[in-house]
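For the single chain, residues carry numbers from 1 onward in sequence order. Quantities reported herein were computed from a predicted structural model and do not represent experimental measurements. As the structure lists them, so they are numbered: ligands from 1, and atoms in each ligand from 1. For the numbers below, each heavy atom of this structure counts, side chains included, while hydrogens, waters and symmetry mates do not.
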Amino acid sequence: MAVPKNEEIKRGSLTAVGTGIRVIGQLTVESIASMKNAEKLLYCVGDPIAEHVVQSLNKDGAESLFGFYAEGKPRAETYEQMIQRMLECVRAGLKTCVALYGHPGVFAWPAHEAIRRARADGYEARMLPGISAEDCLFADVGIDPAMTGCQSYEATDFMINGRIIDTSSTVILWQIGVLGDWSFKSGAYDTSSMPLLLERLAQYYPANHQAIIYEASVFPGCAPIIRYIPLFSLPYAGVTAASTLCIPPARSPSIDMNIRMRMPQSCN
Ligand SMILES: C[S@@+](CC[C@H](N)C(=O)[O-])C[C@H]1O[C@@H](n2cnc3c(N)ncnc32)[C@H](O)[C@@H]1O
């Protein structure tokens, strides 16, 4: 949303950056610059190496947002508190940077919402892209979305909101390890809804269709987890909060000959 006209740009600002999935190697130069130059660097990252790197980039200004999480606490409540903290710093006139793991705006609502609210209040706010789990998946599993198309859904959203799958496309389901659980858990999440996810997937795929459980490595030099499983075994596949499900196409696309024949020869 554009900053309202005639509104004075206030001194505080907000920049959201991503630390990548593997902070060593996936931090962009512009994200590093934003983190270093910030007067306040808020962060929420998932591993100790990332935390150390972020802190060392801005020793005086770094502050973790992780403390807003608590066992069993609804994640929506935690996200609202994170947003409030970001806006508090911006309103105090500070050049504020928030660093989130992966891409700061991919399956990550708080940065988008904080930017919207900061802009609505007349502050400068922007997001810089980062390397997401999906980017790592394309590289590690060897998938080019240009070849098959690609549908990305949050797993619970797919399950309950009647989302539609095109089985000629690659399908990526995020957050399969926190299925239907809106709260934070430091250990294992309740995945008892997994059979319901299977039920939804069975509307599209045969039970033995091969899928991939994927986990990008967060540490340099370590291999990713890429496990091929038949879909029916998903409830027993030991998925974690960091697992992403990738479902390769089950069929070729059907060509629309009517459109194809009306295109210039050079496209055929
Ligand atoms: C709240 S989203 C955060 C995504 C993150 N912003 C990004 O850009 O990748 C969490 C989900 O991202 C995916 N994810 C996070 N870390 C991952 C990893 N190391 N490997 C594969 N998928 C991962 C999983 O689907 C997980 O449930």
**Item:** Geometric cation-pi criterion Arg85 and Phe68, 6.0 Å radius, 45° cone
**Value:**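 Geometry flag: not set, cation outside 6.0 Å or 45°.
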
**Message:** Can you work out which protein residues put a heavy atom within less than 4.0 Å of ligand 1?
**Reply:**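 The answer is Ile21, Tyr101, Gly102, His103, Val106, Phe107, Ser132, Ala133, Trp174, Gln175, Tyr214, Glu215, Ala216, Ala241, Ala242, Ser243, Thr244, counting any residue whose heavy atom sits under 4.0 Å from ligand 1.
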
Considering only heavy atoms from C-beta outward, does the side chain of [X] approach that of [Y] to under 4.5 Å?
| X | Y | answer |
| --- | --- | --- |
| Cys246 | Leu137 | yes |
| Ile131 | Leu27 | no |
| Phe66 | Met82 | no |
| Thr244 | Glu134 | no |

**Considering all heavy atoms, the nearest Pro110-Ile83 contact** =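 In terms of heavy atoms, the two residues are closest at O-CG1, 3.6 Å.
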
